[in-house]
Amino acid sequence: MRRYLRIVVLCLACGFCSLLYAFSQLAVSLEEGAGGGGGKPQAKAASWLAGGGRGAARGAGSADPAAHPSGSDRYSLKIQPVERMHLAVVACGERLEETITMLKSAIIFSLKPLQFHIFAEDQLHDSFKGILDSWSFQQTFNYSLYPITFPSENAAEWKKLFKPCASQRLFLPLILKEVDSLLYVDTDILFLRPVDDIWSLLKKFNSTQIAAMAPEHEEPRIGWYNRFARHPYYGKTGVNSGVMLMNMTRMRRKYFKNDMTTVRLRWGDILMPLLKKYKLNITWGDQDLLNIIFFHNPESLFVFPCQWNYRPDHCIYGSNCQEAEEEGIFILHGNRGVYHDDKQPAFRAIYEALRNCSFEDDNIRSLMKPLELELQKTVHTYCGKIYKIFIKQLTKSIQDRYDRPPKER
């Protein structure tokens, strides 16, 4: 009898302990739900603000579904982090509209989430924040805003180099210390295919390559560097830095050969000596300094084709970018202000179409017909005569991204 009584008491005790455990787990679950998903999202938000170095972000925004995990996510045994593509731009003066249009083109076509690093003059920050926050329904990007920042001892000299703020790009590896790889673009860039595609070129770097750019010219007879430069430059015609893909971890680690000393210098140590030596001989500012660096370190540069950085020079005197003729333009670079004057109306037509386009799927699908009609009005120019290369890849990008069923995208 006593044996049965002990068994009953033991069963009751086990049942009571199980009941207590169940109530404790329920309480933890409710507490996590009330706290907005626990500590991980807070840690992630902190990392968005981690500019590193001298240029810490002053403000940051989010349009990222991963920042607000659903209840089912908490019980997943293993969550694979989604690779985020880092895109940087420097905006000063009257460049707000151009920059916003560039960012919009990146969002419209890209597949993986984007992290924007926007370096801008203080008076532009509120405008950027207001516009980008209004896009939060996209849930495909985060952004961080940074002040324009140069080394304090030479800030005035760096800021006036070529154009205001342009040389900021040289210091990105030193400011964004926590970022491994980065795509820098000028404000006058338009993506006509997903950022994912140029980002994938990072995997094609060999063990010595740290950055990628396109040639400044395809045709040496109209090249600038090979005809006028008073300093060393990369390759036959130099490189253009308006689209620059960087493995910044490698850039920070590398010791660079140079013509100033027999000692190899790291990125943070080579920039000011280069400027002091060549400042009277350079015309295009930071781009010239990059050409000098890669002239002495050619093994460190991956050169991608002209269709990844297509400029008026590729068609203004006749078509000279063979890759664009075959596959279309991947990234359009409207330098020399061609988006805002009538000198190259084909470039302006693409810019205005994307500037005026909204994020609605139907609006994007209906983009091409009126755009092609506008481009047909530009055939009196050399670039307009080959207008179909302007829309060849753009048409494919829209079809791939918006005309397929959601499961196939």
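None of these values were measured; they are calculated from a predicted model.
Here the closest non-hydrogen pair linking W267 and L170 is NE1-O, 2.7 Å. The nearest pair of heavy atoms linking H314 to C306 is NE2-CB, 3.5 Å. Heavy-atom minimum distance, S110 versus M85: CB-CE, 4.1 Å. Of all non-hydrogen atoms in V263 and N258, the two that sit nearest each other are O-ND2, 3.1 Å. Closest approach of I364 to S358, counting heavy atoms only: CG1-O, 3.6 Å. Among all heavy-atom pairs drawn from V195 and A106, the shortest one is CG2-CB, 3.8 Å.
Atom-to-atom distance recorded for R401:CZ and L111:CG is 5.5 Å, nearest 0.5 angstrom. Annotation: the span from E216 atom CD to I222 atom CD1 amounts to 10.0 Å, rounded to 0.5 Å. To the nearest 0.5 Å, atom CE of residue M272 and atom CH2 of residue W158 are 6.0 Å apart. The distance from the CZ atom of R95 to the CD atom of E121 is 11.5 Å, given to the nearest 0.5 Å. Rounding to the nearest 0.5 Å gives a distance of 11.0 Å between CG of N356 and CG of L371. Rounding to the nearest 0.5 angstrom, the gap separating the CZ atom in R311 from the CD1 atom in I329 is 11.5 Å.
Residues F116 and F141 place their aromatic rings such that the two centres sit under 6.0 Å apart. Taking the six-membered ring for Trp and the full ring otherwise, the centers of F302 and F205 sit less than 6.0 Å from each other. For Y225 and H217, the ring centers sit 6.0 Å or farther from each other.
Between the Q287 side chain and the S241 main chain, a donor and an acceptor come within less than 3.5 Å of each other. Side chain of N297 to backbone of S300: no donor-acceptor contact under 3.5 angstrom is found. Counting only distance, with no hydrogens or angles, the side chain of N363 and the backbone of F359 share no donor-acceptor pair below 3.5 Å. Side-chain atoms of T187 do not come within 3.5 Å of backbone N or O of T99 as any donor-acceptor pair. R230 contributes a side-chain N or O that, together with a main-chain N or O of L280, makes up a donor-acceptor pair within less than 3.5 Å. N226 places no side-chain N or O within donor-acceptor distance of the main-chain N or O of T237, the cut-off being under 3.5 Å. With E327 contributing its side chain and A324 its backbone, the two residues share no donor-acceptor pair below 3.5 Å. Under a 3.5 Å cut-off, the side chain of D196 and the backbone N or O of K112 do form a donor-acceptor pair. For N206 (side chain) and Q209 (main-chain N/O), a donor-acceptor pair under 3.5 Å exists by modelled atom type. Side chain of N320 to backbone of E218: no donor-acceptor contact under 3.5 angstrom is found.
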Practice task
With side chain to side chain contact (heavy atoms under 4.5 Å, CB included) as the test, would you mind laying out the steps for M102 and L87 before giving the verdict?
Solution key: CA-CA 11 Å; M102 179 275 292; L87 177 66; 4.0 Å; yes
Handout entry: CA sep, side-chain torsions, deciding dist, call: E372, Y387, side chain to side chain contact (heavy atoms under 4.5 Å, CB included)
Key = CA-CA 8 Å; E372 187 164 6; Y387 75 85; 3.7 Å; yes
Problem - side chain to side chain contact (heavy atoms under 4.5 Å, CB included) assessment of F109 paired with R193 - result: CA-CA 6 Å; F109 299 118; R193 68 180 296 168; 5.9 Å; no
Exercise for the section: May I have the step-by-step check of side chain to side chain contact (heavy atoms under 4.5 Å, CB included) for I198 and W308, ending in yes or no? Expected result: CA-CA 8 Å; I198 189 169; W308 293 103; 3.5 Å; yes
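Proximity of Q168 to I175: side-chain heavy atoms (C-beta onward) are separated by under 4.5 Å at one or more points. Using a 4.5 Å heavy-atom cutoff, the side chains of V185 and L183 are in contact. Side-chain contact between M246 and M213 is absent, with no heavy atoms from C-beta onward closer than 4.5 Å. Here the side chains of H231 and F295 are not in contact, with every heavy-atom distance at 4.5 Å or above. The shortest distance between side-chain heavy atoms of W284 and L289 does not fall below 4.5 Å. I391 places none of its side-chain heavy atoms less than 4.5 Å from the side chain of L192. I118 is listed as a side-chain neighbour of L103, based on a closest heavy-atom distance under 4.5 Å. Looking at heavy atoms from C-beta onward, L124 lies out of side-chain contact with L145 at the 4.5 angstrom threshold.
A cation-pi arrangement is present between K254 and F256, with the terminal nitrogen or guanidinium carbon under 6.0 Å from the aromatic centre and inside a 45° cone about the axis.
Enclosure of atom CG in D126 is not indicated, since only 12 or fewer non-hydrogen atoms of other residues, nucleotides or ligands lie within 6.0 angstrom. Counted within 6.0 Å of CZ on R253, heavy atoms from surrounding residues, nucleotides or ligands total 12 or fewer; the atom is thus considered open. Within 6.0 Å of the OH atom in Y382, the count of heavy atoms belonging to other residues, nucleotides or ligands does not exceed 12. Under a cut-off of 6.0 angstrom, the local environment of CD in E94 is sparse, with at most 12 non-hydrogen atoms contributed by other residues, nucleotides or ligands.
For the pairing with N240, the side-chain hydrogen bond (donor to acceptor under 3.5 Å, both in side chains) check across N335, D313, N309, N291 returns one residue only, N309.
Taking the charged nitrogens against the carboxylate oxygens, D186 and R169 do have a contact shorter than 4.0 Å, which makes a salt bridge. The existence of a salt bridge linking K279 and E157 is confirmed by a sub-4.0 Å separation between a basic side-chain nitrogen and an acidic carboxylate oxygen. Comment: E299 engages K257 in a salt bridge, judged by a side-chain N to carboxylate O separation of less than 4.0 angstrom. Under a 4.0 Å N-O distance rule, the pair D341/R336 does not qualify as a salt bridge. The pair D269-R266 fails the salt-bridge criterion, with no side-chain N (NZ, NE, NH1 or NH2) lying under 4.0 Å from an Asp/Glu carboxylate O.
For the residue pair S397 / Q393, a side-chain donor-acceptor distance below 3.5 Å is found, with atom types taken as modelled. Remark: the E325 side chain and the S319 side chain contain an N/O donor-acceptor pair separated by less than 3.5 Å.
The aromatic rings of H117 and H86 lie parallel to each other, their planes meeting at an angle below 30°, with 60° marking the opposite boundary. Relative orientation of the Y339 and Y351 rings is parallel, given thresholds of 30° and 60° on the angle between their planes. Taking the six-membered ring where the residue is Trp, Y310 and F390 present perpendicular rings, their angle passing 60° and hence far from 30°. Between Y146 and F119, the ring-plane angle classifies as parallel under the 30° and 60° cut-offs.
Taken as a pair, C315 and C321 fail the criterion of an SG-SG distance shorter than 2.5 angstrom.
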